[in-house]
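Contents: one structure, followed by commentary.
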Amino acid sequence: MAQIIRDPQKNFHNPDIAGVRAASGKKDSRRVTAWGIAFTGAVAAVAYLVIFKRDPYLAIFKFLPDGIAVTFQVTVSAVLLALIIGLCTGLARISENKIIHLTASVYVEVIRGIPLLVQLFYIYFALGRIINIPAMASAVIAMAICYGAYMGEIFRAGIQAVPKGQMEAARSLGMTSVQAMRHVILPQAVKTILPPLGNEFVALLKDSSLVSILAVSDLLRRGREFAAESFTYFETYTMVALLYLIITLLFSRLTGIMEERINAGK
Amino acid sequence: MPENKAAVRVFNAVKYFGALKALDNVTLDIRYGERVVIVGPSGSGKSTLLRSLNRLEIIDSGRIIIGSSDINDPGTDINRIREETGMVFQSFNVFPHKTVLENVNLAQMVVKKRSKKEATHISMNLLKKVDIMEKAGQYPWKLSRGQQQRLAIARALAMRPKIMLFDEATSSLDPEMTGEVLAVMRTLAVEGMTMVIVTHEMGFAREIADRVIFMDSGAIIEENVPEIFFRNPQKERTRLFLDQTL
């Protein structure tokens, strides 16, 4: 497990983009990173447009923050729900009980085989015929169900990466399997789980733009509304894209820092 | 503690790994206070037998009684049995995310529901006993392998076990560290702990054992007091094994 943790390449899909100096961890001189260029560029572009091209960018810039708040609301709620679903799924996938195991496996297979956009439509429109779910809630539920399946695989892999002897030692001391999982296995699994979970968080944040079709006023939806009224499509979507970029870059950097901390702690 | 009463009774234990017969009709009694050393070639089933005693392996047929409980009976609380049977592994299996003190405290607090203060008091005494008290605040990766194994022993002792199982506890240690760990085990033996020891250390077996058991191909081939076992083994297979190892 220690090997896996120390190898940033294995844990982190895009080390360069995230600004983790993976290849040359010792060289502090290599400060110029793809992340740095992208982030500085995006912030500078927004600043330039808002200050020097006030019309229409300032109006757009003032209109969008409500959408950012909704995007965060959707993302954070969906992530929290997805974490719970993911943990349960991960545990179920390693369960010795065949029915539990099979149920979780089928869930993962089915969800991974259906595009998120279709799932959103399905939950909103199809289930909407039976019970009336508010747009926001159905968006959060659909995304959580979808991402829960992916997170389940991350939890499963993280738990299985903890050496078998740890569970045996915990059980030998008289701990129940729940106690052993809680006090011995999961705290160790977290180290391998956190970085990929951070990536899922960023991916979910980006995918949350899909909920704009469900009449949820997220960042993209606010952009569409503004553009439709002012006919400034190019300008509005430029600003929307830049804001998404800044937000995701910030979060992927946070993920990178988190991973560095974990590696430094061991 | 009841003397001369059976601490462990194994009746006709059979265990398969796929087609491989890991335990072949093993029957064995161990009294309280007795020190039994199990020797045999790799794959002879000695570790499987030991691991069956606290149900890390579940036997396919036969019975295993610890104290007065059949450990494979669905009505038996296996966690209570495991509290009373401490286990020490070849690979130590100390908890890397916990400090040395927390390693010893954890199960006391989680399983025995001792307060942190009470657990710490017990832990510090045990750490002193295995001579790593000054490491209490460190994380295990800062310890030598010998120290990690002594920590694992302290962790098991914290549950106040009636029986201690040692599964090749020194096999992954260099000679100096082996000596440190054997010294701790010797102390336990002097204190009268019931011990079941799987080992390749023949000198130690001869010194510490009340009884030596030789296993091969999943079966007990021969058992005897160490003086007779090592000087005058009765079975040809035992003789061959001892010739190769001594």
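Letters go in sequence order (proteins before strands), and every chain restarts at 1. Quantities reported herein were computed from a predicted structural model and do not represent experimental measurements.
- Of the atoms belonging to B/Val94, it is backbone heavy atoms, and not side-chain ones, that fall under 4.5 Å from chain A.
- Taking 4.5 Å as the limit, every side-chain heavy atom of B/Met87 sits out of range of all side-chain heavy atoms of A/Leu173.
- Interface residues of residues 68-86 of chain B toward chain A, defined by a heavy-atom distance below 4.5 Å and sorted by number: B/Asn79, B/Arg82, B/Glu83, B/Thr85.
- With a threshold of 4.5 angstrom between heavy atoms, A/Ala170 approaches chain B through its backbone and through its side chain.
- Using a 4.5 Å cut-off on side-chain heavy atoms (C-beta onward), A/Pro187 and B/Lys98 make no contact.
- Of all heavy-atom pairs spanning B/Phe89 and A/Ala169, the tightest one is CE1-CA, 3.7 Å.
- In terms of heavy-atom proximity, A/Met175 sits nearest to B/Leu106 at CE-CD2, 3.5 Å.
- Heavy-atom neighbours of B/Phe17 CZ from other residues, nucleotides or ligands within 6.0 Å: above the threshold of 12.
- Between the B/His97 side chain and the A/His183 main chain, a donor and an acceptor come within less than 3.5 Å of each other.
- Proximity to chain A at a heavy-atom threshold of 4.5 Å picks out B/Arg155, B/Ala156 from residues 149-156 of chain B, in numerical order.
- Proximity to chain A at a heavy-atom threshold of 4.5 Å picks out B/Ala107, B/Val110, B/Val111, B/Lys113 from residues 107-135 of chain B, in numerical order.
- What you find for A/Ser172 and B/Asn54 is that their closest heavy atoms are OG-ND2, 3.4 Å.
- When the shell of 6.0 Å around CD of B/Glu191 is examined, it contains more than 12 heavy atoms from other residues, nucleotides or ligands.
- Evaluation of the salt bridge (Lys or Arg N to Asp or Glu O under 4.0 Å) rule for B/Arg51 yields A/Glu168, B/Glu57 as partners, not counting sequence neighbours.
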